Amino acid sequence: MGKLLKPRGLKGELWITIFNDVDSALKVGMKVWMTLKNGEFFSQIIESLMISRAKSWIKFEGCHKREDADNLIGLNFSIPRSEFTPLNENEIYLVDVIGAAVLDEDRKIIGSVIDIMSLPAQNVVVVETKEGEVLIPYVDAHILLFDKKEKNLIVKDVEGLWN
């Protein structure tokens with residue numbers, strides 16, 4: 001869903017970046033989950049929130065001082081899938097692509113999607129192949145189709161991309 005950046009002021013608020021900048025399902029009172037570096041999960045309840053394209057911030061219940069916010073810097077946060085905004089039939093969440101088989105235009109298996117990177121210019125699909133990882137920009141120039149039912153990502157044959 002997003003990443004906690006640095007404290008905003010002295011009252012426990014944090015600047016955040018939201019990976020889906022088009023629509024955010026975050027709401028006051030919602031429980032969000034974070035992962036510590038040791039892999040443990042914990043949750044926080046949103047006390048206040050301001051979503052903006054330029055700068056967004058969040059404040060959690062029980063986080064009242066800058067020092068409280070300092071302990072959360074750099075953590076990624078997420079919400080349960082059941083809290084996602086419903087999609088139209090032809091829309092997807094990029095997280096749905098993870099685990100998909102990646103096929104070329106002739107439907108030959110290239111590999112599988114192991115991650116999605118959200119970069120400033122575009123989203124990038126990380127594909128595990130026999131030869132190692134390949135990065136494919138998630139743009140029309142490279143992606144033909146994502147079949148939600150079959151969980152297949154069909155990519156264009158781009159010379160040098162994976163051969």
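Keep in mind that the numbers below use all heavy atoms, side chains included, and drop hydrogens, waters and symmetry copies. These numbers come from a predicted model, not from an experiment.
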Q: Would you sort out whether Ile116 and Ile98 count as a side chain to side chain contact (heavy atoms under 4.5 Å, CB included), showing the intermediate values?
A: CA-CA 7 Å; Ile116 301 287; Ile98 297 174; 3.9 Å; yes

Q | Approximate separation, where rounding is to 0.5 Å, of Ile16 CD1 and Ile51 CD1 | A | 4.5 Å

Q.
Is the shortest side-chain heavy-atom distance between Phe60 and Met34 below 4.5 Å?
A. yes

**Q.** Any pair counted as salt bridge (Lys or Arg N to Asp or Glu O under 4.0 Å), so long as it reaches residues 33-43, sequence neighbours left out
**A.** none

Q.
Between Glu105 and Leu144, is there a side-chain heavy-atom distance shorter than 4.5 Å?
A. yes

Q: Hey, could you give me each pair passing ring pair (Phe, Tyr, Trp, His ring centres under 6.0 Å) that has a residue in residues 66-90? Not counting sequence neighbours.
A: Phe84-Tyr93

Q. Nearest 0.5 Å, what's the CD1-OG distance between Ile58 and Ser48?
A. 8.5 Å

Q) Going through the distances and angles, do Phe146 and Leu94 end up as a side chain to side chain contact (heavy atoms under 4.5 Å, CB included)? A) CA-CA 10 Å; Phe146 176 62; Leu94 285 175; over 6 Å; no

Q: Give a yes or no on whether Leu87 and Tyr138 share a hydrophobic cluster (residues Ile, Leu, Val, Met, Phe, Trp, Tyr; joining criterion: side-chain heavy atoms under 4.5 Å apart).
A: yes

Q. Is it true that a side-chain atom of Asp96 and a backbone atom of Ile92 form a donor plus acceptor pair closer than 3.5 Å?
A. no

Q. Any ring pair (Phe, Tyr, Trp, His ring centres under 6.0 Å) pairs touching residues 29-51, not counting sequence neighbours?
A. none

Q: Please write out which residues are connected to Met50 in a hydrophobic cluster, directly or through intermediates, given that two of Ile, Leu, Val, Met, Phe, Trp, Tyr count as joined at side-chain heavy-atom separations below 4.5 angstrom.
A: Leu5, Trp15, Trp57

**Q.** Passing option when Ile143 is tested against Ile136, Val97, Ile154 for side chain to side chain contact (heavy atoms under 4.5 Å, CB included)
**A.** Ile136

(Q) My understanding is that only residues two or more places apart in sequence, or in another chain, count here; which of them pass side-chain contact (heavy atoms from CB on, under 4.5 Å) with Asn71? (A) none

Q | Sequence-distant partners of Asn152, side-chain hydrogen bond (donor to acceptor under 3.5 Å, both in side chains), two or more places apart | A | none

Q: Can you measure from CG (Leu14) to CG (Asp68) and round to the nearest 0.5 angstrom?
A: 9.5 Å

**Q.** Inter- and intrachain pairs under salt bridge (Lys or Arg N to Asp or Glu O under 4.0 Å), touching residues 137-155, at least two apart
**A.** none

Please table the atom pairs, donor to acceptor, closer than 3.5 Å between any side-chain atom in residues 108-115 and protein atoms at least two apart or in another chain.
none

Q) Do Val95 and Arg81 touch side chain to side chain, with heavy atoms closer than 4.5 Å? A) yes

Q: Scan residues 5-14 for pairs that pass salt bridge (Lys or Arg N to Asp or Glu O under 4.0 Å), counting only residues two or more places apart or in two chains.
A: Arg8-Glu13

Q.
Under the criterion side chain to side chain contact (heavy atoms under 4.5 Å, CB included), I'd like the reasoning laid out for Thr35 against Leu75: C-alpha separation, chi angles, the key distance, then a yes or no.
A. CA-CA 7 Å; Thr35 310; Leu75 297 180; over 6 Å; no

**Q.** Inter-residue atom distance Leu4.CG - Thr17.OG1, 0.5 Å rounding
**A.** 10.5 Å

Q. Looking at residues at least two apart in the chain, or sitting in another chain, which of them share a side-chain contact (heavy atoms from CB on, under 4.5 Å) with Glu83?
A. Lys27, Met30, Ile79, Pro80

Q | Expected output: side-chain Lys65 to main-chain Ala69 donor-acceptor under 3.5 Å | A | no

Q | side chain to side chain contact (heavy atoms under 4.5 Å, CB included) between Glu47 and His64, worked out | A | CA-CA 10 Å; Glu47 181 178 303; His64 302 295; 4.2 Å; yes

Q | salt bridge (charged side-chain N to carboxylate O under 4.0 Å, His left out) involving Arg107 - partner list, sequence neighbours excluded | A | none

Q. Are Val126 and Leu135 close enough that some pair of their side-chain heavy atoms sits under 4.5 Å apart?
A. yes

Q: Could I get the full list of salt bridge (charged side-chain N to carboxylate O under 4.0 Å, His left out) partners for Lys3, not counting sequence neighbours?
A: none

(Q) Is the shortest side-chain heavy-atom distance between Pro7 and Asp70 below 4.5 Å? (A) yes

